[in-house]
Amino acid sequence: MCGNTMSAPLPAIVPAARKATAAVIFLHGLGDTGHGWAEAMASIKSPHVKYICPHAPIMPVSLNMNMAMPSWFDIIGLSPDAQEDEAGIKRAAENVKALIDQEVKNGIPSNRIILGGFSQGGALSLYTALTTQQKLAGVVALSCWLPLRSSFPQAAANSANKDVAVLQCHGESDPLVPLMFGTLTSEKLKTIISPANINFKTYSGLMHSSCNQEMTDIKQFIDKQLPPVN
């Protein structure tokens with residue numbers, strides 16, 4: 001084993017049915033793996049799109065009494081003023097940027113890649129998109145928040161994604177990451193990204209999970225941002 005990047009198994013992948021001309025990289029939530037989201041993506045897939053659902057490395061998580069579980073970075077608390085794992089968040093973002101670079105090497109330009117995630121994974125996808133010089137096709141941020149939010153908009157000074165399209169979704173009955181976090185995140189994003197490019201959708205009765213309507217909305221967003229190319 002040589003460090004976190006090697007301790008996670010290879011991503012779960014839903015291959016394109018024909019030549020892949022676009023990709024979706026989707027990051028799972030705390031304590032999960034990429035497999036469930038790969039199944040969810042397979043249910044809404046488009047034939048020219050490759051879906052990549054990496055697995056987070058296993059690490060002790062402060063929030064859960066230091067129990068070891070899949071986690072992109074440490075979570076110390078879930079209140080808006082909780083201390084954050086700045087070094088871990090930045091390290092995780094670099095690993096995601098490396099995943100994007102790998103797809104570019106595979107022949108898919110970064111502007112044909114959507115980055116997304118759920119909960120902790122959604123938080124990491126937002127942070128990565130706002131701090132990378134890789135121009136992306138869009139961001140799908142589900143039931144999440146913007147990490148290190150006080151570092152923005154300055155942290156996005158060199159970002160290639162100030163006009164990126166963002167689909168942000170949140171359950172109105174989420175007990176873990178309350179809807180208020182989603183609303184505050186949406187407002188913060190409007191100070192960094194062109195507000196017209198941010199679409200914030202909420203779902204009545206939805207808790208900290210996904211639902212069919214949300215998956216339909218994600219499919220529509222992916223199809224719009226990643227149309228087939230001849």
Straight-line distance of [X] [atom1] to [Y] [atom2], nearest 0.5 Å:
X      : Y      : atom1 : atom2 : value
Glu214 : Phe221 : CD    : CZ    : 12.5 Å
Leu226 : Thr21  : CG    : OG1   : 8.0 Å
Ile222 : Ser46  : CD1   : OG    : 7.0 Å
Leu146 : Leu184 : CG    : CG    : 11.0 Å
Ile198 : Lys190 : CD1   : NZ    : 6.5 Å
Leu206 : His170 : CG    : NE2   : 9.0 Å

Do the side chains of [Y] and [X] get nearer than 4.5 Å, heavy atoms only?
X      : Y      : value
Lys50  : Asn106 : yes
Leu136 : Ile100 : yes
Pro175 : Met207 : yes
Leu189 : Leu130 : yes
Pro227 : Arg112 : yes
His55  : Leu10  : no
Trp72  : Pro57  : yes
Leu115 : Ile25  : yes

So that I know where these two stand, are [X] and [Y] an aromatic pair - ring centroids less than 6.0 Å apart?
X      : Y      : answer
Tyr127 : Phe152 : yes
Phe26  : Trp37  : yes
His35  : His28  : no

Is there a path of hydrophobic side-chain contacts, each under 4.5 Å between heavy atoms of I, L, V, M, F, W or Y residues, that connects [X] with [Y]?
X      : Y      : value
Phe118 : Leu179 : no
Phe73  : Met67  : yes
Met180 : Val177 : no
Ile114 : Tyr51  : yes
Ile44  : Val139 : no

The test is side chain to side chain contact (heavy atoms under 4.5 Å, CB included); show your working for Val24 and Val14 and say whether it passes.
CA-CA 10 Å; Val24 174; Val14 181; over 6 Å; no
Has the side chain of [X] got a donor or acceptor atom that lies under 3.5 Å from a matching backbone atom of [Y]?
X      : Y      : answer
Thr128 : Ser125 : no
Glu84  : Ile75  : no
Thr132 : Ala129 : no

How close do [X] and [Y] get, counting heavy atoms only, and between which atoms?
X      : Y      : answer
Ser173 : Gly205 : OG-CA, 3.5 Å
Leu126 : Trp145 : CD1-O, 3.8 Å
Asp85  : Ile76  : N-CD1, 3.9 Å
Leu124 : Pro147 : N-CG, 4.5 Å
Gly122 : Cys144 : C-SG, 3.6 Å
Ser186 : Phe200 : OG-CB, 3.8 Å

Set out, in order, the CA-CA distance, both residues' side-chain angles and the distance that settles salt bridge (Lys or Arg N to Asp or Glu O under 4.0 Å) for Lys219 and Asp223, then state yes or no.
CA-CA 6 Å; Lys219 178 170 175 53; Asp223 289 348; 3.3 Å; yes
Derivation of the salt bridge (Lys or Arg N to Asp or Glu O under 4.0 Å) call for Glu94 and Arg91:
CA-CA 5 Å; Glu94 290 306 314; Arg91 187 167 55 242; over 6 Å; no
Assess, by modelled atom type and distance only, whether the side chains of [X] and [Y] contain a donor and an acceptor separated by less than 3.5 Å.
X      : Y      : result
Gln168 : Thr185 : no
Asn158 : Gln133 : no
His208 : Ser119 : yes
Ser62  : Asp74  : yes

For the pair Ile52 and Glu103, evaluate side chain to side chain contact (heavy atoms under 4.5 Å, CB included) and give the outcome as yes or no after the intermediate values.
CA-CA 10 Å; Ile52 303 153; Glu103 288 316 302; 3.4 Å; yes
Applying side chain to side chain contact (heavy atoms under 4.5 Å, CB included), name anything that partners Ser159, two or more places apart in sequence or on another chain.
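Only Ala156, Asn161 meet the side chain to side chain contact (heavy atoms under 4.5 Å, CB included) criterion with Ser159.
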Please test Asn64 against Leu30 for side chain to side chain contact (heavy atoms under 4.5 Å, CB included), starting from the C-alpha separation and ending with a verdict.
CA-CA 10 Å; Asn64 292 342; Leu30 178 67; 4.0 Å; yes
Under the criterion salt bridge (Lys or Arg N to Asp or Glu O under 4.0 Å), I'd like the reasoning laid out for Lys135 against Asp163: C-alpha separation, chi angles, the key distance, then a yes or no.
CA-CA 10 Å; Lys135 188 163 179 60; Asp163 58 355; 3.0 Å; yes
For side chain to side chain contact (heavy atoms under 4.5 Å, CB included), just list the numbers for Ile193 and Lys162, CA-CA rounded to whole Å, side-chain angles, deciding distance to a tenth of an Å, and then say yes or no.
CA-CA 5 Å; Ile193 297 170; Lys162 287 181 190 156; 5.7 Å; no
Would you say that more than 12 heavy atoms from the other residues, nucleotides or ligands in this model lie under 6.0 Å from the [atom1] of [X], or not?
X     : atom1 : value
Lys45 : NZ    : no
Glu39 : CD    : no
Met69 : CE    : yes

